[in-house]
There are 2 protein chains.
Amino acid sequence: MPKTSDTSPPRRVTAAEVAERAGVSISTVSKALSGRGAVRYETRQRVLEAARDLNYQSNEVAVSLLAGKTNTVGVITSDRLGRLTSPVLLGATETLAEHEIALLLCDGRGDRIREQYFVDSFLRRRVDGILVTGSGIFGRDTIRVDLPIPVVYAMAWSKDSRDASVVPDDGAGARSAAEHLLATGRTKIAFVSGRRDDATTIRLANTREVLTSSGLRLAHEPLIGQWSEGWGRQAGLQLLKSGVDFDGVVCGNDQIARGVVESLRENGVAVPQAVGVIGFDNWDVMVEASRPPLSSVDLSLHEVGQAAARTLVEAIGGDGMQPGVRRVACHVVPRESTSTA
Amino acid sequence: MPKTSDTSPPRRVTAAEVAERAGVSISTVSKALSGRGAVRYETRQRVLEAARDLNYQSNEVAVSLLAGKTNTVGVITSDRLGRLTSPVLLGATETLAEHEIALLLCDGRGDRIREQYFVDSFLRRRVDGILVTGSGIFGRDTIRVDLPIPVVYAMAWSKDSRDASVVPDDGAGARSAAEHLLATGRTKIAFVSGRRDDATTIRLANTREVLTSSGLRLAHEPLIGQWSEGWGRQAGLQLLKSGVDFDGVVCGNDQIARGVVESLRENGVAVPQAVGVIGFDNWDVMVEASRPPLSSVDLSLHEVGQAAARTLVEAIGGDGMQPGVRRVACHVVPRESTSTA
DNA sequence: TTGAAAGCGCTAACAT
DNA sequence: ATGTTAGCGCTTTCAA
């Protein structure tokens, strides 16, 4: 039974060894490699060569200890890396990578105790900042006051007004969605969403606002159920059976929208000819599989992650941090479910 | 414009400060807090109290430097944290958290150059091990030979036989799927999958094997297209138009299965009465939204992540590591699309 | 039982 | 231009 450990692992090379091989002192090695001190060209070449020969890799742990910073940020996610959190996280990794900052990932599972535990762990590991992210756009409790490092919330914004948060501007997104339906000639708009939470409330309010300012109102009471296709189908049927006249539906997410579209189609109502339907999230799998493909509001989650990371990096850099909730623009991605062709 | 930085961040407390407050030496503080040295009960109480009062948090960077290990592993994912990678990652975080090991996350985007860059970054940061994960169950190149730390691959297995990988046993999964169809009374089985890759090849071969050993064969040439619902619908139609008699379909993933189910249903073929359909992945969103709900092969991705992390932790602990590909059992989750009611 | 001292690997003043 | 020295914050011998 061969074990990988048969071959003893290569020893870790230190600056001292490089120094010896290059015939210089340790500090000269440091200067030569960092390019920060005055070193004769020829000497530097010798050092570089020695470092390469020995495959030297500086010990960032030592550097961190000395510098008092680790070029690392901690990320606490409260959901299980769902389809909403992943793009946020990915956007953050990209921006952080550009700054040579690594990312420690923890899943707090929305449990305060676990979160506190991870925050403490981050502090002991001397991360330079913390990013908190959650699956939905909802207000959450602050992670802790009086932290020696900056904290930024992404998606799930902090209810503490002293904290900085970055979220998609889904209010404006809902406005765009409603305006898009109006722009494609619909005037009798219905609204279907999932649980009555922050997102639903804001989207509903903004949808109503747009209608009101056009002298219109919702064609039917808002239908609130679950965030699922099943509910979308049910809601679609309910709309049909209600007998109210409607020609457009704003849906709380793409699954609901897809369900609505299906139930309409299966009951002989043409989408988009008779009714235009628009969803939220712009989730590729859903919008593409739907027949017809769904128009949807893209939440710019990637940008949210990037913006949150950028804010954090700036705060770490000592530029201070604007508290409050920052909103990143959403945009309508029109597809066939609302086209006027 | 108030800035968070107005209030200067609390200074970091060191063991020296705790020592001073407790009226003991630094080394006594270390012993008292770690519980590793001989300290008088009363002294320890004083130290503990001082530490609590000052809100002392040991600097793990210093500890790491001294110990020569960081209790950190690096994770390189090659896809963008998709629905397949996320559960693997989550499983890994859980197991690692149990061992007080933190996780540095990088997205290599499947780009060798970026991957190498991140590996080097991990090495400089002195991670204790590396976990490599990718979106699909396919063979990939090794990350690098001669690394001073253990590496484990999850999902995307390494083609280098000296590496250790953990993957779902989707071959056995396919066998279970086929057997499940046989067990529910189907004998004329068709096969629909996405791109002809490792996963498709293995699943097809194993499906055939099951049929063969029951004296059966595929009812129709394997249909290979894309990993989408659209393709599933198309394939379903193709099967119907071909005129061949079939009463069961093994599908490469849940999206395809859902497409197949839909096209059958829309063309008057009852699922599961006339035809049983089973998918792969057991993706909640898909299996639940399908009408009827889909039976599917669960890939145990969470367990794959856990197993990979456990393997890595053991290797870090110096227990050596069994090279080769380890397969984690998959299991059929029966739902209505194959029921015999 | 406690403390002094050495040192993990590195950088940055300060000498030379 | 190069080397010497003094730490970063901690753990761990080793003396007392």
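Proteins get letters first, then strands, A, B, ... in listed order; numbering begins at 1 in each.
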Worksheet item: Of all nucleotides in DNA chain D with an atom under 4.0 Å from a non-hydrogen atom of chain B, which is the first and which the last going 5' to 3'?
Response: D:dG9 to D:dT12
Worksheet entry | Sequence-distant partners of A:L123, side chain to side chain contact (heavy atoms under 4.5 Å, CB included), two or more places apart | A:V119, A:D120, A:R144, A:L147, A:P148, A:I149, B:R12, B:Q57
Please tell me if the side chains of [X] and [Y] come closer than 4.5 Å, counting only heavy atoms from C-beta onward.
{"X": "A:L90", "Y": "A:V88", "result": "no"}
{"X": "B:R125", "Y": "A:N71", "result": "yes"}
{"X": "A:D163", "Y": "A:P323", "result": "no"}
{"X": "B:L54", "Y": "B:E17", "result": "yes"}
{"X": "B:I130", "Y": "B:I143", "result": "no"}
{"X": "B:R140", "Y": "B:Y153", "result": "yes"}
{"X": "B:Q306", "Y": "B:E94", "result": "yes"}
{"X": "A:S78", "Y": "A:E115", "result": "yes"}

Worksheet item: How many Å lie between CD1 on A:I26 and P on C:dA13, as a whole number?
Response: 18 Å
Practice prompt. To the nearest Å, give me how far apart NZ (B:K31) and P (C:dA4) are.
Written response: 11 Å
Practice prompt. Please step through salt bridge (charged side-chain N to carboxylate O under 4.0 Å, His left out) for the pair A:D111 and A:R109, ending with a clear verdict.
Written response: CA-CA 5 Å; A:D111 171 4; A:R109 301 187 202 163; over 6 Å; no
What does [X] touch in the nucleic acid at a heavy-atom separation under 4.0 angstrom: a base, only the sugar-phosphate, or nothing?
{"X": "B:S30", "answer": "base"}
{"X": "A:V29", "answer": "nothing"}
{"X": "A:T14", "answer": "sugar-phosphate"}

Worksheet item: Who are the side chain to side chain donor-acceptor pair (under 3.5 Å) partners of A:R46, not counting sequence neighbours?
Response: none
Item to complete: Give, ordered by number, those residues of residues 48-73 of chain A having at least one heavy-atom distance below 4.0 Å to an atom of DNA chain D; if nothing qualifies, reply none.
Response: A:L65, A:L66
Fill in: Nucleic acid contacts of residues 35-47 of chain A, taken as heavy-atom distances under 4.0 Å to DNA chain D
A:A38, A:V39, A:R40, A:T43
Worksheet entry | Backbone of A:T70 reached by a side-chain donor or acceptor of A:D128 within 3.5 Å | yes
Worksheet entry | Exam field: side chain A:S165 to backbone A:S158, donor-acceptor pair closer than 3.5 Å | yes
Response to the item:
The bend of the helix from C:dT1-D:dA16 to C:dT16-D:dA1, taken between the axes of its five terminal pairs at each end and rounded to 10°, is 50°
